[in-house]
Amino acid sequence: MPFNGLKNMTGTSLLKDPISKESFKKSAADYFKNMFAFDLKAGFITAVVALPLSIGFAVASGVDPSMGIYTAAVAGFLASLFGGSKFSITGPTGSMAVVVLAAMGQYGLEGLFLATVLAGLIQILLGVLKLGKIIKFMPLPLMSGFTAGLGLMIIVAQIPNALGIDIPEYDSTPEMLLLVLESLGSINPIVILMTIGTILLIRLLPRLTKNKKYLSSVPPTIVALILAVIILFVLHLEIPTVGAIPPKLPTFSLFSISLGLALNVLPFALMLVLLGTLESLLCAVVCDGMTATKHDSDRELIGQGIAKVVTPFFGGLPSTAAISRSTVNIREGAKTRASGLLHAVFLLLIMLFFGGVGAYLPYAFVAGVLFTVALPMVNLREFKVMLNYDRGSAAIFGITFILTVFTDMLLALEVGILLTMIKFMYDMAQSVQINTMEEYDSTDSTEQIRMLHDKFGEKLAIYTINGPFFFGAMNVFDQKVDVHLPNKRRVIIIRMRYVPYVDTTAVSRLNEFIENRNKENKYVLITGIRPTVKKYLLRDEKFDKHVRNKEVYLFDTTELAVKYAVNEIFPTFENK
């Protein structure tokens with residue numbers, strides 16, 4: 001009797017090829033014999049690494065630390081089960097934390113949960129529609145500037161925790177910095193030392209233990225966490241702590257949903273989709289490079305979407321695949337997606353049995369961890385690279401970065417997208433060129449055309465349009481075509497073999513050009529139109545009418561157009 005298993009332990013689909021119970025048992029036995037130990041170790045170490053990060057990102061999001069662990073456990077389990085990358089580990093991240101903080105500040109926890117669910121549904125739809133490769137179309141200056149801005153916001157937000165000061169709620173980054181300046185008289189030197197010590201330990205420990213056989217596998221964040229807890233417990237330091245984490249599993253609960261709230265939080269949902277898609281697919285690519293595997297980008301979007309839809313109902317935050325945790329998972333020997341499932345289970349077990357340790361976990365440690373995570377996000381070297389070869393891209397990077405930090409994230413994205421579109425249209429418009437007889441089709445007899453052109457130069461003009469013919473290029477067309485095409489020449493040949501695309505505005509302008517030339521008793525011949533462009537042109541009723549009424553002539557090659565002009569059109573001039 002066939003057994004329709006959903007997935008075997010290596011992540012290969014068994015739905016297409018049902019296997020017998022005996023084969024399934026053998027496959028399971030082979031897994032537990034050859035791979036389970038590797039996945040168990042990788043899952044445990046990854047959970048240990050994910051624990052302080054999950055707590056830190058929850059603190060950065062302004063929510064209870066347990067919500068960070070719930071997110072890493074629930075979302076991590078679901079994304080590993082349904083995602084398209086076997087080795088990606090999902091959980092809360094720094095970029096998500098900033099969005100969470102902004103969404104909660106405007107619409108509260110229920111607004112955040114609803115935005116997360118909407119983001120998940122959109123990601124599932126993108127995956128179903130096979131749009132997983134959409135990451136290739138995201139402009140680097142925009143995303144780099146936005147990511148750098150988010151990184152700086154995380155750093156700035158942790159300054160009070162790093163200094164040991166308590167400040168009231170604030171509405172903007174400048175206001176927060178002013179509050180910090182006003183509170184400098186109450187900074188705690190012990191907290192500062194612990195923050196610096198955490199940063200140094202996390203950054204330097206891997207270098208010190210690089211060649212040590214066993215010590216090199218010890219996560220530096222866990223070493224820093226243990227030392228911070230021991231120091232606080234032994235010395236009885238009076239510094240702010242995270243607080244004990246309740247030892248209870250996440251439970252399912254509903255939250256109120258309304259159409260009005262959904263419309264209000266939709267911009268945040270779209271932002272979560274953008275960040276989640278980029279981070280998850282980028283993480284999957286990194287995992288592919290480390291393991292010589294190939295992920296399914298569409299399935300990865302669906303898996304990440306499922307995680308976002310479900311996690312809020314268990315008190316979790318927005319999540320995405322994280323490169324740092326995923327690389328640890330691979331480095332520790334993960335063999336299948338089961339390591340991600342085990343990592344989620346270990347996180348819950350750690351919370352159940354060791355949640356009380358949070359009472360001795362200082363905020364200074366959290367600040368140190370977040371500093372080390374956020375600093376690489378502020379990659380200003382990319383700005384320098386862009387400035388060297390493209391000032392427009394550098395401007396988009398800089399403006400998006402500044403607006404993200406000092407104004408509003410939604411405004412930063414909107415302005416960044418608008419500037420990117422303007423730059424794109426400008427670059428495309430500048431790519432349009434009109435040349436004389438310097439470029440010819442490979443099918444044309446160049447020498448013969450030159451001879452004909454030299455002979456009939458007073459009556460004939462041949463020009464080549466290079467580049468996309470769209471609304472953004474119309475100003476170039478008006479300037480160049482009208483100026484370059486001499487009024488005294490009766491036959492105008494426009495070569496369009498190098499025009500890959502036209503839009504409605506360009507067709508309208510071309511019709512106008514043809515009508516004006518006909519009023520002057522001049523002939524317009526167009527050559528080398530690509531099939532897709534020709535189909536689009538003929539779809540326009542006015543252009544099609546021009547062709548049928550012989551107000552414009554279409555030829556496959558310039559040579560044929562020149563011969564037609566010499567044999568059919570020029571004699572009419574002489575007869576007149």
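Numbers here simply count residues along the sequence, with the first being 1.
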Contact check, side chains of [X] and [Y], non-hydrogen atoms, under 4.5 Å:
X      : Y      : value
Leu112 : Pro318 : yes
Val117 : Lys308 : no
Phe44  : Leu342 : no
Met96  : Phe57  : no
Tyr31  : Asp39  : yes

May I ask you to decide if [Y]'s main-chain N or O and [X]'s side chain share a donor-acceptor pair within less than 3.5 Å?
X      : Y      : answer
Glu300 : Gly84  : yes
Thr198 : Phe365 : no
Thr336 : Ala338 : yes
Arg337 : Ser80  : yes
Asp298 : Leu131 : yes
Ser61  : Leu101 : no
Thr372 : Val369 : yes
Arg299 : Phe82  : yes

* Could you check Thr71 against Ser319 for side chain to side chain donor-acceptor pair (under 3.5 Å), going step by step and ending with a plain yes or no? => CA-CA 7 Å; Thr71 305; Ser319 61; over 6 Å; no

* Plane angle bin for Phe401 and Phe397 - parallel if under 30°, tilted between 30 and 60°, otherwise perpendicular ->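 Geometry flag for Phe401 against Phe397: parallel rings.
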
* Asked: Sequence neighbours excluded, which residues qualify as side chain to side chain contact (heavy atoms under 4.5 Å, CB included) partners of Leu259?
  ->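 Leu259 satisfies side chain to side chain contact (heavy atoms under 4.5 Å, CB included) with Leu263 once adjacent residues are dropped.
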
For [X], is the [atom1] atom crowded, meaning more than 12 foreign heavy atoms sit under 6.0 Å from it?
X      : atom1 : result
Asp30  : CG    : yes
Phe313 : CZ    : yes
Phe233 : CZ    : no

* Those residues that, when tested against Ser339, pass side chain to side chain donor-acceptor pair (under 3.5 Å) (two or more places apart) ->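 Side chain to side chain donor-acceptor pair (under 3.5 Å) check on Ser339 returns Asn329.
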
* Gln304 and Thr90: side chain donor to acceptor below 3.5 Å ->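 There is such a pair between these side chains.
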
